**Q** 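Quick one: structure below, then a few questions.
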Amino acid sequence: MESTSTAPSDQYRRRVLGVPVDACRDVQAAAIGLHARGGGQIVTLNAEMTMAARENPRLGDAIAAADLVIPDGIGVVWALRRQGVVVPRSPGIELARSLLAYAEAHDWKVALVGATPQVMDRLRQLLKQDLPALRLVMSSHGYQPQDAWPGLEAKLRVLHPDLVLVALGVPRQETWIARVRRACPGLWMGVGGSFDVWAGMKKRAPEWMCQLGLEWLYRLGQEPSRWNRILCLPTFVWEVWRRGKKR
Ligand code: UDP
């Protein structure tokens, strides 16, 4: 695979309801450019998370300190468009997958943290088949006992992975990364339910629903227990609408 790099100027930081988000031409190039500059945290922002960040200062601080915040949800893309910033939606699951392929091609060290033990076992098997040369230096499920976490975090700091994908759910994955990655190189990215999808335990919405911006509805159908998480969406729409072109 061709090596890609990007100038920092390709990335413009904007705000949606006060929460930062980066408009960039190519999120994969931006991520690889960030790796070349010493690494950092990547956040995948959607409307739900934007609203959560306004309520939860620890999540808000983690997003504000992140080095690359990509517009993962259609609501964030729409809010940017109202400010005159036109960017495509960049699903985090797709960026994470493309970074794994890049990691294999460039001999990056990769660590995976999160999801159930069953999902992590399945994912290890699948990655061996799909990306046989991937240098997986650590893979730990996300249901460790409390006293196992300090050891796991210390191991990560010693291993210095080039890419750490973390599936612990929002907001835990963002705040955990913000704390653990300090002084560590590499790209650290929260990936939510991506491991579950890759392992075949959950499905992504069909393409036509993604095109219509209805991925959230599909997820709700698959996991009805998420209903309370979308209650904030009408407020998001109203607030963005009310603010007009303001950030
Ligand atoms: N998870 C975990 N440890 C926990 C709680 C959750 O590893 O203590 C994992 C869970 O198994 C799933 C992911 O975190 O793989 C969260 O997925 P979800 O789709 O809920 O992500 P979100 O919508 O919060 O980004």
Side-chain angles (χ1 to χ4, degrees), residues 19 21 27 41-56 58-60 62-63 66 68-76 89-97 99-100 111-127 136 138-153 155-156 164-180 188-205 209-210 213-233 236:
V19 180
V21 57
V27 290
Q41 180 168 2
I42 303 175
V43 167
T44 63
L45 191 74
N46 61 22
E48 218 177 283
M49 207 168 160
T50 305
M51 297 305 278
R54 285 155 45 107
E55 301 283 317
N56 176 344
R58 286 186 62 215
L59 176 61
I63 300 175
L68 177 61
V69 184
I70 66 167
D72 170 278
I74 193 73
V76 172
R89 189 169 90 87
S90 300
I93 189 169
E94 290 173 16
L95 174 60
R97 191 70 196 189
L99 287 175
L100 282 178
L112 306 177
V113 179
T116 62
Q118 296 80 356
V119 164
M120 188 51 87
D121 284 347
R122 183 80 190 115
L123 188 55
R124 272 189 221 107
Q125 293 167 6
L126 288 171
L127 287 174
L136 192 57
M138 183 174 150
S139 55
S140 303
H141 68 77
Y143 293 84
Q144 309 284 339
Q146 206 59 38
D147 59 2
W149 286 97
L152 188 153
E153 292 165 15
K155 192 173 162 196
L156 270 173
V164 185
L165 299 181
V166 183
L168 294 173
V170 176
R172 183 172 165 206
Q173 61 195 20
E174 282 71 31
T175 55
W176 185 81
I177 289 174
R179 180 174 59 79
V180 178
W188 296 61
M189 178 175 176
V191 295
S194 302
F195 294 176
D196 301 339
V197 172
W198 293 339
M201 307 294 180
K202 280 185 199 162
K203 280 204 172 84
R204 272 193 86 190
M209 282 189 99
C210 296
L214 293 175
E215 202 163 1
W216 60 273
L217 187 61
Y218 186 84
R219 289 198 77 182
L220 185 63
Q222 222 177 181
E223 299 167 70
S225 58
R226 296 177 76 93
W227 68 269
N228 57 338
R229 296 179 54 159
I230 62 159
L231 291 180
C232 63
L233 295 183
F236 174 87

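One-based numbering, in listed order, for ligands and for the atoms of each. All values derive from a computational prediction rather than experimental measurement.
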**Q** Report yes if the side chains of Glu48 and Val170 come closer than 4.5 Å at any heavy-atom pair, otherwise no.
**A**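 Answer no - side chains too far apart.
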**Q** Please write down residue, atom name and distance for the protein heavy atom closest to atom 3 (N) of ligand 1.
**A**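 Closest protein heavy atom to atom 3 (N) of ligand 1: Gly142 O, 2.9 Å.
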**Q** For atom 25 (O) of ligand 1, what's the nearest protein heavy atom and its distance?
**A**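 Closest protein heavy atom to atom 25 (O) of ligand 1: Gly192 CA, 3.3 Å.
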**Q** So which bit of Leu168 gets within less than 4.0 Å of ligand 1, heavy atoms only: side chain, backbone, both or neither?
**A**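 The answer is both.
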**Q** Would you say ligand 1 has an N or O under 3.5 Å from any N or O of Gly114?
**A**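 For ligand 1, there is no N or O atom that lies under 3.5 Å from one belonging to Gly114.
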**Q** Starting from atom 12 (C) of ligand 1, what is the nearest protein heavy atom, named by residue and atom, and what distance separates them?
**A**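 Answer for atom 12 (C) of ligand 1: Asp196 OD2, 3.3 Å.
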**Q** Within a radius of less than 6.0 Å around CD of Gln125, do more than 12 heavy atoms belonging to other residues, nucleotides or ligands occur?
**A**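 Atom CD in Gln125 is packed in, count exceeds 12.
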**Q** Are Glu223 and Arg229 side-chain neighbours, meaning at least one heavy-atom pair lies under 4.5 Å?
**A**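 The answer is no, as the side chains (C-beta and beyond) never meet within the 4.5 Å cut-off.
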**Q** Test your reading of the model: is there a side-chain donor-acceptor pair from Arg124 to the backbone of Ser139, 3.5 Å cut-off?
**A**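 It does hold such a pair.
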**Q** Has the side chain of Asp196 got a donor or acceptor atom that lies under 3.5 Å from a matching backbone atom of Lys202?
**A**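 No, because the side chain of Asp196 does not come within donor-acceptor range (under 3.5 Å) of the backbone of Lys202.
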**Q** Using a heavy-atom cut-off of under 4.0 Å, does the side chain or the backbone of Arg226 touch ligand 1, or both, or neither?
**A**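 The part of Arg226 near ligand 1 is the side chain, not the backbone.
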**Q** May I ask you to decide whether Arg58 forms a salt bridge with Glu174, counting only side-chain N to carboxylate O separations under 4.0 Å?
**A**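 Not counted as a salt bridge, because no side-chain N and carboxylate O are separated by less than 4.0 Å.
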**Q** Check whether Gln41 reaches the backbone of Ala66 with its side chain - one donor and one acceptor, N or O, closer than 3.5 Å.
**A**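 Here the side-chain-to-backbone pair does not exist.
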**Q** Below a 4.0 angstrom heavy-atom separation, can you tell me which part of Glu223, side chain or backbone, both or neither, approaches ligand 1?
**A**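 Neither; no heavy atom under 4.0 Å.
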**Q** Please state which protein non-hydrogen atom is closest to atom 7 (O) of ligand 1 and give its distance, to 0.1 Å?
**A**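 In this structure, atom 7 (O) of ligand 1 has Ala115 N, 2.8 Å as its nearest protein heavy atom.
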**Q** Are the side chains of Thr116 and Met201 in touch, meaning some heavy atoms are under 4.5 Å apart?
**A**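 Contact flag for Thr116/Met201 side chains = no.
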**Q** Using a 4.0 Å cut-off to any heavy atom of Gly193, which atoms of ligand 1 qualify?
**A**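 Near Gly193, meaning under 4.0 Å from one of its heavy atoms, ligand 1 has 17 (O), 18 (P), 19 (O), 21 (O).
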**Q** Quick one: look up the protein heavy atom nearest atom 8 (O) of ligand 1 and list residue, atom name and how far away it is.
**A**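 Going by distance alone, atom 8 (O) of ligand 1 is nearest to Arg172 NH1, 2.8 Å.
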**Q** Evaluating non-hydrogen atoms only, which member of Ala167, Ala52, Pro117 is closest to atom 9 (C) of ligand 1?
**A**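 Among Ala167, Ala52, Pro117, the closest heavy atom to atom 9 (C) of ligand 1 belongs to Ala167.
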**Q** Counting non-hydrogen protein atoms only, what is the nearest one to atom 24 (O) of ligand 1? Give residue, atom name and distance.
**A**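 Here the closest protein heavy atom is Val170 N, 2.9 Å.
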**Q** Is the shortest distance from a Lys or Arg side-chain nitrogen in Arg204 or Glu94 to a carboxylate oxygen in the other one below 4.0 Å?
**A**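 The answer is yes: the pair qualifies as a salt bridge.
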**Q** Look at atom 22 (P) of ligand 1 and say which protein heavy atom is nearest, naming residue and atom and giving the distance to 0.1 Å.
**A**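 For atom 22 (P) of ligand 1, the nearest protein heavy atom is Arg229 NH2, 3.6 Å.
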**Q** For Tyr143, state whether at least one heavy atom is located under 4.0 Å from any atom of ligand 1.
**A**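 Tyr143 counts as a contact of ligand 1 under the 4.0 Å cut-off.
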**Q** Distance only, no hydrogens: is a donor on one side chain within 3.5 Å (strictly under) of an acceptor on the other, for Arg219 and Gln222?
**A**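 Judged by distance alone, the side chains do not pair up.
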**Q** Measure the distances from the heavy atoms of Arg219 to every atom of ligand 1 and state whether one is below 4.0 angstrom.
**A**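 A heavy atom of Arg219 does come that close to ligand 1.
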